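Heads up, the thing below is written out as structure tokens.
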Amino acid sequence: MQEAVSDLDGGSLILLSKCLQSSNRGKHCTFWLWPSSDLNQEVKLLLLYLSTDNGLQSLQSCPATNPSMLNVHLVPHTHDDVGWLKTVDQYYYGGEDLLMSDLKHAGVQYILDSVIDQLQKDPARRFIYVETAFFYRWWRQQSQSTQRIVAQLVNEGRLEFINGGWCMSDEATTHYSAVIDQMTLGLRFLNDTFGECGRPRVAWHIDPFGHAREHASIFAQMGYDGFFFGRLDYQDKARRMKTKEMEMLWRASESLTPPLADLFTGVLPNGYNPPEGFCWDQSCDDAPIRDDPDLEDYNVDEIVQKFLNASYRQAAFYKTNHIIMTMGSDFQYENANLWYKNMDKLIKYVNALQAKESKVNVLYSTPSCYPQELNLANLTWPLKTDDFFPYADDAHDFWTGYFTSRPALKLYERLSNSRLQTCNQLEVLGGPKSKSGPFGEGDSDTMSKAMGVAQHHDAVSGTEKQHVAYDYARRLATGWAHCEFSMNVYNPLGRTVSWPVRLPVNGSVYSVTDANGRAVDSQVGNVFISLKCTCYIYDMKSSCLLPLLSVRWFHCLSPHRNESFQKNEVMCVFVLFGNYRYNASAGNNKESRQTSGAYIFRPNSSDPFVINKTAETQIVTVSSTVQEVTQWFSPWVSQVVRLYEGHRELEMEWTVGPVPVADGLGKEVITRLDTDIKSSDYFYTDSNGREVLERRKDYRPTWELKQTEPVAGNYYPINSRAYIKDDKHQLTVVTDRSQGASSIYNGSLEIMLHRRLLYDDFRGVGEPLSEPGEFSDGLVARGRLLLTLSPPDTAADVHKPLAQGMVLQPLLSFQDGTPSANTKLEFSGLQTSLPPAVHLLTLSQWDKDTVLIRLEHQYQAKESKTHSQPVTVNLQKLFSTLEVLGASEMSLGANQWKEDMNRLQWNTEKTSKPLPLSAKDPSPWEVTLNPMEIRTLLLRVRQL
């Protein structure tokens, strides 16, 4: 209690409490506090603790419902993209320029201003808000009096935060570590600002274009009671409507013991729009409710009957006497009075008919109140165990192109994530001095917010306008520190890695020494970069052994003192083993007008064009360090194949672009690996970089698929790896960014690398996906694939660490000259390597004396004979620079104590699969991780 008081600042505090009565929930108390300067000193110490089954918490009041009627939950909302057709700033301020004069006005600041004003006029009104990146900005601009009003609305449940992340993340092209980080960023702001009342209870992904199982697992582990989305495949939706399976229990992990990753999931009936005829925004054309009977165009009876019909139609597809209607859409409620005035009337006149034996009850509600009613029904819900990819909204319209769209931005986002994790680690391990300079708090905070925005479903997805893509890249660039010359290598993984270092230089002779003055094996060779380069870039290649969470210093000396590194700005892409191909897309198609675009993949033919059956080949380097072969398939497609000493994987560096379009055809470039593996139409892809899902050509686990697009309809997103296998062999490909992949032919695995298209796909972005590149003739993209061939029962032992190493690559930093004599040239932040199954997912400074860590078991149950077992880590024997004084476990989102989590429990269909068991912690200082488990802990530490 005294600690809680001592942490409060800003003068006297008033704490008001209010008990709200709900007919279904009993007594609910909420509390809030704000500063005041004219109160007695005693008021400072007035604190009210509310004891519930969950410990200290406050609950908003949900409106009363009628158990004998059809209850229609109206959910007023706005969907505010954190960038899409306009940049984040333009959307917030309502700004636009001459290039965007054809776009409708959208201003988030005016939406929040208007909604807060309207909520105060009637305590029955509700509103939900989702995108914390926007709300954070708006909140900081408000007066103290406005903030008090907002706090009261939040505590009374009239303004409710849903989802709560910095953005509404994409689910196909995001890596789980970045998703968890952006959710934590938003949730922490809400928790710090509003306490328990601001904690979101429901995940809300109404716009992403398909839904990943790993996202559902993350939401469940963050403590959410439910998950609602708007988009799913049109065939799947038709079947679910017919069988009343629009709401289900999603079992989002085969490794975690239920209900840890179980999440109640609902499909919204109208995407995220209102029913037809009931849009009352200033951007809509639907008639308002004209309720003066003396007027000639009085329409109350007509609108009420239309609403009753819509309610009964919707109810036919759901299992209970509760249905939900989303009342809002993109950037709506700038004039919230229009919405609320008409919804007030709708509720009034529909409910008035109950006196005439109508059985429909309409009410303002929220997405967290709605599942509470469903839970009370105590029904048995259908079970979902796969995911919702790929997504199609019509027979020839598969949203599988965006898995690869804007490959350079996708790589930049992935590299930025690696840089952010490294900065966070060094801030913790380096002590107070590391809190300033290139790894200081300012840089990591800037990068955290930029990465949070980059996870948005129109950011890293590549589905934004070109000028918005530039803005996302600019934001990421502000988080990157500048580099100098002498080289330091930092390994952010909790295990020792051997990593080849490749640096562009402009000399031909270099000597490399380590911290002890020993020579490091290195070699200089030329590598062809791109068609536009008139000179060759030289690479110094060196393979160095990096201890866990460690820094090693190297000195690179050229006999030419004035020579410096050249910065290679060119990014490129390729095709493999003579199997580089492209799918062509023109402006029309025999069966449909649908073309490929930023979202849609719609090739003209099921058979891709081979770029070249042969390749010009040059053996560039053969040495003890690396063997390297360069292949040119065309002037715009090349690849370098490397095998490093002591490594089991083959590296393929591809370069593609500028993609030629003078023939009038857009192109989507793939690399296809053909093998004699008997894959029998099966292949495997990861979900957001974590668990792997089995795929089967022309098949869906939950409905009888009518395949209408034999190529696009078999594409799936991969974030870190994909593989094919038979009884003897498994070919695994590890990627450096999110891409689209498939296995169209037995024994083959294809990955889409680059896309350049000439037509818009009519899904809203309004321009072709044709990135101009440096010289306005098309983007050149470059990337890496790692290939391994292993027996299936040991393959995970190889590709799991490779995938983590690709995501968290060693960081190279540079300084001019030689370090001073007192500079520490070698450093390790851990006392010893973590067990092979354990990954240090998060290590970041939480506040002055506490550190947030996440430890994860990176193997699935039964995936590895060696590593798919529980493993224990001793927290007090973890760090070399920190003494751990205390540890408290939190939810995955770090906004609840684990012991206070109390999610709704659901009945579901029985499954014949055996459920995994969980091992327990042997002592308070020892953390046991079961397969696929993530443990989030807040450590109280002291710097050694």
Side-chain angles (χ1 to χ4, degrees), residues 53-54 171 176 179-180 183 201-203 205 211-229 240 245-267 319 368 371-372 374-388 686-688 690-694 701-702 837 854-864 868-871 889-893 896-921 927-936:
D53 292 339
N54 267 355
E171 297 191 46
Y176 73 97
V179 172
I180 293 171
M183 290 297 298
R201 267 79 172 176
V202 166
H205 270 211
H211 305 281
R213 194 174 73 175
E214 190 59 37
H215 261 74
S217 178
I218 288 171
F219 291 143
Q221 294 177 69
M222 287 183 173
Y224 289 98
D225 285 325
F227 177 37
F228 293 93
F229 61 75
R240 289 184 178 278
E245 294 185 4
M246 295 284 278
E247 293 165 333
M248 71 212 79
L249 188 73
W250 196 350
R251 181 150 294 162
S253 174
E254 296 179 357
S255 299
L256 297 175
T257 304
L260 185 58
D262 289 357
L263 188 64
F264 181 84
T265 301
V267 181
K319 296 181 69 172
S368 61
Q372 289 185 42
L374 302 186
N375 187 258
L376 288 173
N378 199 30
L379 300 179
T380 297
W381 301 92
L383 188 67
K384 170 80 171 177
T385 58
D386 58 319
D387 64 3
F388 290 94
D686 70 306
S687 179
N688 298 126
R690 287 206 90 215
E691 294 197 44
V692 171
L693 283 79
E694 180 183 87
T702 49
R854 291 187 180 97
L855 295 168
E856 71 163 315
H857 197 304
Q858 59 181 341
Y859 286 87
Q860 295 173 222
K862 302 180 181 179
E863 183 178 38
S864 167
S868 294
Q869 306 293 333
V871 59
E889 186 162 9
M890 307 184 79
S891 65
L892 182 59
Q896 285 180 277
W897 301 117
K898 185 69 175 288
E899 62 187 17
D900 291 337
M901 290 178 64
N902 186 15
R903 301 171 59 219
L904 295 178
Q905 300 301 306
W906 304 87
N907 303 320
T908 188
E909 302 166 344
K910 302 298 182 183
T911 175
S912 58
K913 291 185 177 180
L915 300 179
L917 301 177
S918 298
K920 305 300 181 182
D921 296 342
V927 175
T928 297
L929 297 162
N930 298 286
M932 278 292 107
E933 187 176 19
I934 302 176
R935 304 283 296 272
T936 304

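Along the sequence shown, the residues carry numbers beginning at 1. Side chains included, hydrogens not; waters and symmetry mates left out as well; all remaining heavy atoms used. This structure is a prediction, so every number in the text was calculated from the model and none was measured.
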Query raised in the report: For Ser217, which of Arg213, His215, Gln221 qualifies under side chain to side chain donor-acceptor pair (under 3.5 Å)?
Result: Gln221
Query raised in the report: Where do Met890 and Trp897 land on the side chain to side chain contact (heavy atoms under 4.5 Å, CB included) test, with the steps shown first?
Result: CA-CA 4 Å; Met890 307 184 79; Trp897 301 117; 3.8 Å; yes
Report summary line: Between the CG atom in Leu263 and the CZ atom in Arg903, the distance rounded to the nearest 0.5 Å is 6.0 Å
**Report entry** Straight-line distance of Leu904 CG to Ser368 OG, nearest 0.5 Å
**Finding:** 10.0 Å
Report summary line: Here the pair of heavy atoms bringing Ser868 nearest to Gln860 is OG-O, 2.6 Å
Report summary line: Heavy atoms of Leu256 and Ala261 approach each other most closely as CD1-CB, 4.0 Å
Report task. Examine distances only and state if a side-chain atom of Thr265 and a backbone atom of Met248 form a donor-acceptor pair shorter than 3.5 Å. Result -> no
Requested in this report: Indicate yes or no for a side-chain donor-acceptor contact from Arg251 to the backbone of Pro258 under 3.5 Å, with no hydrogens or angles considered.
Outcome: no
Requested in this report: Not counting sequence neighbours, which residues clear salt bridge (Lys or Arg N to Asp or Glu O under 4.0 Å) with Glu863? List them please.
Outcome: Lys800
**Report entry** side-chain hydrogen bond (donor to acceptor under 3.5 Å, both in side chains) involving Gln869 - partner list, sequence neighbours excluded
**Finding:** none
Query raised in the report: Does Lys898 use its side chain to pair, donor to acceptor, with the backbone of Thr936 at less than 3.5 Å?
Result: no
Report task. Supply the atom-to-atom distance Thr928 OG1 to Leu855 CG, rounded to the nearest 0.5 angstrom. Result -> 11.0 Å
Query - Derivation of the side chain to side chain contact (heavy atoms under 4.5 Å, CB included) call for Asn375 and Phe264 - result: CA-CA 9 Å; Asn375 187 258; Phe264 181 84; over 6 Å; no
**Report entry** Sidechain-backbone polar pair: Arg240 side chain, Met246 backbone, donor-acceptor under 3.5 Å
**Finding:** no
Query raised in the report: What distance do Thr257 atom OG1 and Asp262 atom CG have between them, rounded to the nearest 0.5 Å?
Result: 10.5 Å
Report summary line: When every non-hydrogen atom of Asp225 is compared with those of Asn902, the smallest separation belongs to OD1-O, 4.5 Å
Query raised in the report: Which pair of heavy atoms, one from Arg935 and one from Val927, lies closest together, and at what distance?
Result: NH1-CG1, 3.6 Å
Query - Ser864 side chain reached by Gln858 side chain, heavy atoms, under 4.5 Å - result: no
Report summary line: Of all heavy-atom pairs linking Pro371 and Val202, the shortest is CG-CG2, 4.1 Å
Report task. Report the residues that fulfil ring-ring contact (aromatic ring centres under 6.0 Å, His included) with Phe228, sequence neighbours left out, ordered by chain and then residue number. Result -> Tyr370
Query raised in the report: CG/Leu892 to CD/Glu933 distance, rounded to the nearest 0.5 angstrom?
Result: 11.0 Å
Requested in this report: Before accepting this row, confirm whether a basic side-chain N of the pair Asp386/Lys384 lies closer than 4.0 Å to the acidic partner's carboxylate O.
Outcome: yes
Requested in this report: For the pair Trp250 and Phe388, evaluate side chain to side chain contact (heavy atoms under 4.5 Å, CB included) and give the outcome as yes or no after the intermediate values.
Outcome: CA-CA 11 Å; Trp250 196 350; Phe388 290 94; 3.5 Å; yes
Report task. Grab the two heavy atoms, one from Pro931 and one from Pro870, that are nearest each other, plus how far apart they are. Result -> CD-N, 4.4 Å
**Report entry** His211-Glu171 side chain donor-acceptor pair, cut-off 3.5 Å
**Finding:** yes
**Report entry** With Phe219, the ring pair (Phe, Tyr, Trp, His ring centres under 6.0 Å) member among Tyr176, Phe229, Phe227
**Finding:** Phe227
Query raised in the report: Passes side chain to side chain contact (heavy atoms under 4.5 Å, CB included), Glu856 versus Ile180? Steps please.
Result: CA-CA 13 Å; Glu856 71 163 315; Ile180 293 171; over 6 Å; no
